[in-house]
Amino acid sequence: MASSKVHVLSHPVVNARLSKLRESSTTPKEFREGINEISLFLAYDASRDLEEDTFSGHTPVGPFTGSTVKPRIGLTPVLRAGLGMTEALLSLFPSASVYHLGIFREKVSLQPVEYYSKLPPNPTVDTVFLLDPLIATGGTAVAAMNMILDWGIPVTRVKLLCVLASQDGLQHVQAEFPGLEIWVAAVDPKLTADGLISPGLGDTGDRLYNTLK
């Protein structure tokens, strides 16, 4: 992905964690821990350009000038798999507002279906981190972005974080929102006929919450 708006993490620790997630033998506990750890890496990288405020304080030795994160942060995890990324972001932004978005992919058409939104009538935050572990076809991410934009947050104030994406899915999202910045741990080359990333991770929600059939 050559776009300057797509940031693919290139880090040996992330690569090792992701390889562990790919293994079908990885337990739900290990899978949750891996998603959380990679989400932290994504969040660190995506938050490096946040605006800062300064304040004056005192250490036991003397005065200092400190800093705080200036924008009000909102998290919009896509149910249910996005919940696996939420705690990592809350560890960095403990005062962040969390607005759950319910979107599922219809199995035959592979089209996104919205069924729930916790977004209040008007925006109460300045910057939104959209959390969706997988971008397969890109349909769910596009639907979630439209919900956020309709809410009143401009695309330049949204950061999409995902653990794994397909090339086609990323291109779909970029075509719809050229100004959107995306952070992803890795990109896989293929989609199956069922719209699954290959080799991928499998169904992230089922693996997070041990509901594989």
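What's counted below: heavy atoms across the whole structure, side chains too, no hydrogens, waters or symmetry copies.
The hydrophobic cluster containing Val155 does not contain Leu75, counting ILVMFWY residues as joined when their side-chain heavy atoms lie under 4.5 angstrom apart, directly or transitively. The hydrophobic clustering, which links ILVMFWY residues whose side-chain heavy atoms are closer than 4.5 Å, places Val6 and Leu161 apart. Hydrophobic clustering of Ile, Leu, Val, Met, Phe, Trp and Tyr side chains at less than 4.5 Å, counting indirect connections, keeps Val158 apart from Leu92. Using a 4.5 Å cut-off between side-chain heavy atoms of Ile, Leu, Val, Met, Phe, Trp and Tyr, with links allowed through other members, Leu131 and Ile197 fall into the same hydrophobic cluster. In the hydrophobic cluster analysis, where Ile, Leu, Val, Met, Phe, Trp and Tyr join through side-chain heavy atoms closer than 4.5 angstrom, Met145 is grouped apart from Tyr115.
Side-chain contact between Ser67 and Phe55: absent, with no pair of heavy atoms (C-beta onward) separated by less than 4.5 Å. Residues Asp45 and Phe41 have side chains not in contact (no heavy-atom distance under 4.5 Å, counting atoms from C-beta outward). You'll find the side chain of Met85 stays beyond 4.5 Å of the side chain of Pro77, heavy atoms only. In this structure the side chain of Arg157 reaches within 4.5 angstrom of the side chain of Pro71, judged on heavy atoms. Between Leu208 and Ile35 the shortest side-chain heavy-atom distance falls below 4.5 Å. Inter-residue side-chain proximity for Ser91 and Leu40 is flagged as met; some heavy-atom pair is nearer than 4.5 Å. Residues Phe177 and Val142 form a side-chain contact, since some pair of their non-hydrogen atoms from C-beta on lies under 4.5 Å apart. Two residues are said to be in side-chain contact when any heavy atoms from C-beta on lie closer than 4.5 Å; Val173 and Glu176 fail this criterion.
Summarising the geometry, atom CD belonging to Glu87 is positioned 5.5 Å from atom CG belonging to Leu90; distances are rounded to the nearest 0.5 Å. If you take CG on Leu149 and CG on Leu180, they are separated by 8.5 Å, rounding to the nearest 0.5 Å. One finds the OG atom of Ser4 at 7.5 Å from the CD atom of Glu181 (value rounded to the nearest 0.5 Å). Atom OG1 of Thr204 and atom CG of Leu134 lie 3.0 Å apart (nearest 0.5 Å). Separating the OG atom in Ser166 from the NZ atom in Lys190 is a distance of 13.0 Å, to the nearest 0.5 Å. The structure places CD1 of Ile73 at 8.5 Å from OG of Ser47, a figure rounded to the nearest 0.5 Å.
The minimum heavy-atom distance linking Ala88 with Ser39 is given by the pair CB-CB, 3.6 Å. The two atoms that bring His58 and Phe64 nearest to each other are N-CE2, 3.4 Å, heavy atoms only. Between Ala81 and Gly205, the shortest heavy-atom contact is CB-N, 4.0 Å. Taking each heavy atom of Leu21 and Arg207 in turn, the nearest pair found is O-NH1, 2.7 Å. The two residues Lys29 and Glu33 come nearest to each other via the heavy atoms NZ-OE2, 2.5 Å. Shown here for Cys162 and Ile135, the closest heavy-atom pair between the two residues is SG-CD1, 3.5 Å.
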Are Ile103 and Val113 close enough, and set up right, to give a side chain to side chain contact (heavy atoms under 4.5 Å, CB included), and what steps lead you there? CA-CA 5 Å; Ile103 306 170; Val113 179; 5.9 Å; no
Thr76/Val98 under side chain to side chain contact (heavy atoms under 4.5 Å, CB included): CA gap, chis, key distance, verdict: CA-CA 6 Å; Thr76 53; Val98 181; over 6 Å; no
Working for side chain to side chain donor-acceptor pair (under 3.5 Å), residues Thr211 and Asp206: CA-CA 5 Å; Thr211 53; Asp206 283 336; 2.6 Å; yes
Show your working on side chain to side chain contact (heavy atoms under 4.5 Å, CB included) between Leu18 and Leu201 and close with a plain yes or no. CA-CA 9 Å; Leu18 184 59; Leu201 303 174; 3.9 Å; yes
Test Leu9 against Val184 for side chain to side chain contact (heavy atoms under 4.5 Å, CB included), laying out the working first. CA-CA 6 Å; Leu9 297 186; Val184 59; over 6 Å; no
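Looking only at distances, a side-chain donor or acceptor of Glu30 sits under 3.5 Å from a matching main-chain atom of Thr27. Although no hydrogens or angles enter the test, the distance criterion places a donor-acceptor pair under 3.5 Å between the side chain of Trp151 and the main chain of Pro120. Proximity of a side-chain donor or acceptor of Asp126 to a complementary backbone N or O of Arg72 within less than 3.5 Å is detected. The backbone N or O of Gly200 sits nowhere less than 3.5 Å from a side-chain atom of Ser198 that would complete a donor-acceptor pair.
Residues Asp188 and Arg22 are paired through a salt bridge, judged by an N-O separation under 4.0 Å between the basic side chain and the carboxylate. Of the charged side-chain nitrogens involved, at least one lies within less than 4.0 Å of a carboxylate oxygen, so that Arg17 and Glu37 count as a salt-bridged pair.
Of the N and O atoms on the side chains of Thr124 and Tyr99, at least one donor lies less than 3.5 Å from an acceptor on the other residue. The closest side-chain donor-acceptor pair between Arg32 and Thr26, if any, does not fall under 3.5 angstrom.
The ring of His100 has its center no closer than 6.0 angstrom to the ring center of Tyr116.
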